[in-house]
Each structure stands twice: as structure tokens, then as C-alpha cells.
Protein chains: 2
Amino acid sequence: MKIGELSRRTGVSVRMLRYYEGEGLLAPLRTNSGYRDYGTAEEETVRRIKMLGGAGMTLETIKRLLPCVRNNDPAFTPCNELRKILTQQVGLIDERIETLSESRTILAGFLASVN
Amino acid sequence: MKIGELSRRTGVSVRMLRYYEGEGLLAPLRTNSGYRDYGTAEEETVRRIKMLGGAGMTLETIKRLLPCVRNNDPAFTPCNELRKILTQQVGLIDERIETLSESRTILAGFLASVN
DNA sequence: CTTGACCCTCACAGCGCTGTCAGACCTTAC
DNA sequence: GTAAGGTCTGACAGCGCTGTGAGGGTCAAG
């Protein structure tokens with residue numbers, strides 16, 4: 001399928017689909033005239049990228065994760081990197097939450113002192 | 001005092017001090033030769049900017065907040081905007097934490113499914 | 001064969017900082 | 001007077017996306 005259709009199906013903008021490719025996350029075939037030609041597998045890949053991105057992952061990180069994901073369908077293939085990356089990501093998120101919580105405390109303190 | 005000294009005293013880089021000025025958060029005097037000349041009040045302002053920034057605020061937001069802060073010393077002067085802005089900021093942080101928590105849940109789910 | 005919808009590549013812009021570099025002047029002290 | 005160190009302005013770069021626009025092919029239907 002062409003890029004417009006894939007975009008409609010996945011809800012990912014055409015711009016972003018091309019960007020994924022530039023970042024090495026997708027490698028669609030090309031027609032003679034140069035049009036990108038995506039298969040069903042690519043569609044699934046895009047869905048996963050979207051999902052992982054929605055979980056706050058960088059494309060760079062997703063890229064590292066994709067080899068563990070591309071193979072079979074319903075769940076993830078547990079390759080060596082997988083657990084490691086996921087664990088790192090959770091740690092990263094925890095840090096961010098921690099930072100935000102501290103900020104929240106500070107601001108809430110200010111707010112309380114203004115009462 | 002000159003910018004270098006202020007930088008040393010506050011721990012804010014020279015670059016950032018100039019940036020604050022460009023954003024309208026500081027307005028130091030100038031010597032005849034064009035050097036910035038900061039007073040004690042400015043130093044205190046920089047400390048506050050740093051603190052509020054550390055609490056996750058945008059310079060833009062801090063700028064709106066400063067008029068409520070500049071006047072007296074130990075705490076904040078409760079001007080009309082103050083409560084409103086602080087409340088907004090706390091709300092913003094809560095949203096971000098919420099988003100991150102959702103991401104965390106998703107990733108933790110993946111991680112669990114890999115076990 | 002023309003029109004419209006789609007596709008291509010390349011590149012600029014913006015978010016909110018922050019570092020760094022270039023080219024040039026000022027100040028202090030020897 | 002010279003040298004070192006501080007300051008000035010201006011501008012480019014990077015983070016990780018994302019939209020938008022220009023300029024130009026492609027494909028299908030009428």
C-alpha cells in the first residue's frame with residue numbers, strides 16, 4: 001500500500017512515516033516510479049512504533065527495541081536486549097516522575113504559604 | 001557587580017544571565033563602557049529565577065510571576081496572579097505525572113509479559 | 001489530454017533552553 | 001605599552017519530534 005493509505009490506517013502522519021524511515025525504523029519497498037510501497041508487516045511495525053512512542057520512548061530507543069519485536073505477532077520476542085531496555089525505560093520514567101514530584105512539592109509549598 | 005561575579009555567586013552561567021535579560025527577566029544597569037552592572041536585588045532575583053526554574057517553570061511563566069516576587073524579601077507577595085499561576089503549574093505537573101504513570105504502566109506490562 | 005489527488009525530496013521553523021565560537025572592545029596590572 | 005582575562009554582541013548548534021511549504025513527478029478517471 002502507498003503511504004497515504006498507511007497513514008490513514010495507522011493514524012500516523014505521512015510526515016512521520018517518512019521520518020521513521022529516515023531514522024531507520026522502516027524500509028518500505030519502492031515502486032518503479034519511486035513511491036513507497038508498504039506491506040502488512042510494515043503496518044504492524046508502525047502500530048508498534050506508535051504504541052512504544054505512546055509509552056514515552058524515543059525513536060532511537062524504539063529502534064533498538066524493534067529487532068526484538070518484528071518477528072512474531074501477538075507479543076514480543078524476548079531477545080537479550082528487550083528486558084534491559086524496558087527496565088531502563090521504566091527507570092527513566094521513575095526518575096522523571098521523581099523530579100516532577102519534587103517540583104510539585106516545591107510549588108505546592110509556595111501555594112500553601114500564600115494562603 | 002559584573003556578570004562574571006554574579007555567575008559565580010549564583011551558579012547560573014553567564015550565557016543564561018544574558019538570556020534572562022533578553023527574555024525580560026533582568027534589566028541590569030550598564031557601565032559607560034557597556035558592561036552589565038548588577039546590584040544585590042538582581043542577585044536575589046536570579047536566585048528566585050533559579051529556584052522557580054528548578055521547580056519546572058518556564059521562563060515565560062517565571063516572568064509573569066516575578067512582579068509578585070520582586071518586592072519584599074523572604075516570601076512571595078500575594079498579588080492576584082500568584083495563586084492562579086501556581087495552581088496552573090501544579091495542575092500542569094500533575095498532568096505530566098499522570099502521563100508518565102500511564103507510560104510506566106504500559107512498559108511495566110510489557111516487562112511482565114516477557115518474564 | 002487534462003484535471004485532481006497523491007507522491008517525491010529537501011528544507012525551514014518551532015518548542016525552551018544551553019553551550020560554544022567568532023570578532024572586537026574594556027580593564028587591570030606589570 | 002603590552003598581555004591576560006573579562007566583557008560585549010551575534011549567531012550557529014543540538015535535543016526529539018512535527019508541521020508546512022516549495023517545486024516537481026505520477027497515476028487514475030473523465
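Every chain is numbered from 1 and lettered A, B, ... according to where its sequence line falls, protein lines coming before strand lines. A quick note: this is a predicted structure, and the numbers were derived from the prediction, not measured.
Residues A/R48 and A/T45 fail the side-chain proximity criterion, which asks for heavy atoms closer than 4.5 Å. When side chains are defined from C-beta on, B/R18 counts as touching B/V14, because their heavy atoms get closer than 4.5 Å. Two residues are said to be in side-chain contact when any heavy atoms from C-beta on lie closer than 4.5 Å; A/L17 and A/E21 fail this criterion.
Closest approach of B/L107 and A/M57 over heavy atoms only: CD2-CE, 3.6 Å. Across all their heavy atoms, A/S103 and B/G54 have their closest contact at OG-O, 3.6 Å. Heavy-atom minimum distance, A/P28 versus A/R36: CG-CG, 3.6 Å. Of all non-hydrogen atoms in A/I93 and B/L100, the two that sit nearest each other are CG2-O, 3.5 Å.
Near DNA chain D, meaning a heavy atom under 4.0 Å from it, residues 2-10 of chain A has no residue at all.
Per the geometry, CZ belonging to A/R15 stands 15 Å off C1' belonging to C/dC7, to the nearest Å. Note: CG (B/L17) to P (C/dG19) measures 11 Å, nearest angstrom. Atom C1' of nucleotide C/dC8 and atom CG of A/D37 are separated by 15 Å, given to the nearest angstrom.
Summary of the strand contacts: B/T31 and B/L59 both lie near DNA chain C, and taking for each the nucleotide with the nearest heavy atom, the more 5' one is attributed to B/L59. Comparing B/Y35 and A/Y19 by the nucleotide of DNA chain D that holds the closest heavy atom to each, the one mapping nearer the 5' end is B/Y35.
A nucleotide of DNA chain D counts as in contact with chain A when one of its atoms lies under 4.0 Å from a heavy atom; the first and last such, 5' to 3', are D/dC17 to D/dC27.
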Item to check | Steps toward salt bridge (charged side-chain N to carboxylate O under 4.0 Å, His left out) verdict (A/E60, A/R64) | outcome: CA-CA 7 Å; A/E60 181 57 32; A/R64 288 195 296 142; 5.3 Å; no
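Of the side-chain N and O atoms in A/R36, one or more sit less than 4.0 angstrom from OP1 or OP2 of C/dC8.
Backbone-only contact: B/S13 has heavy atoms under 4.0 Å from sugar-phosphate atoms and none from a base.
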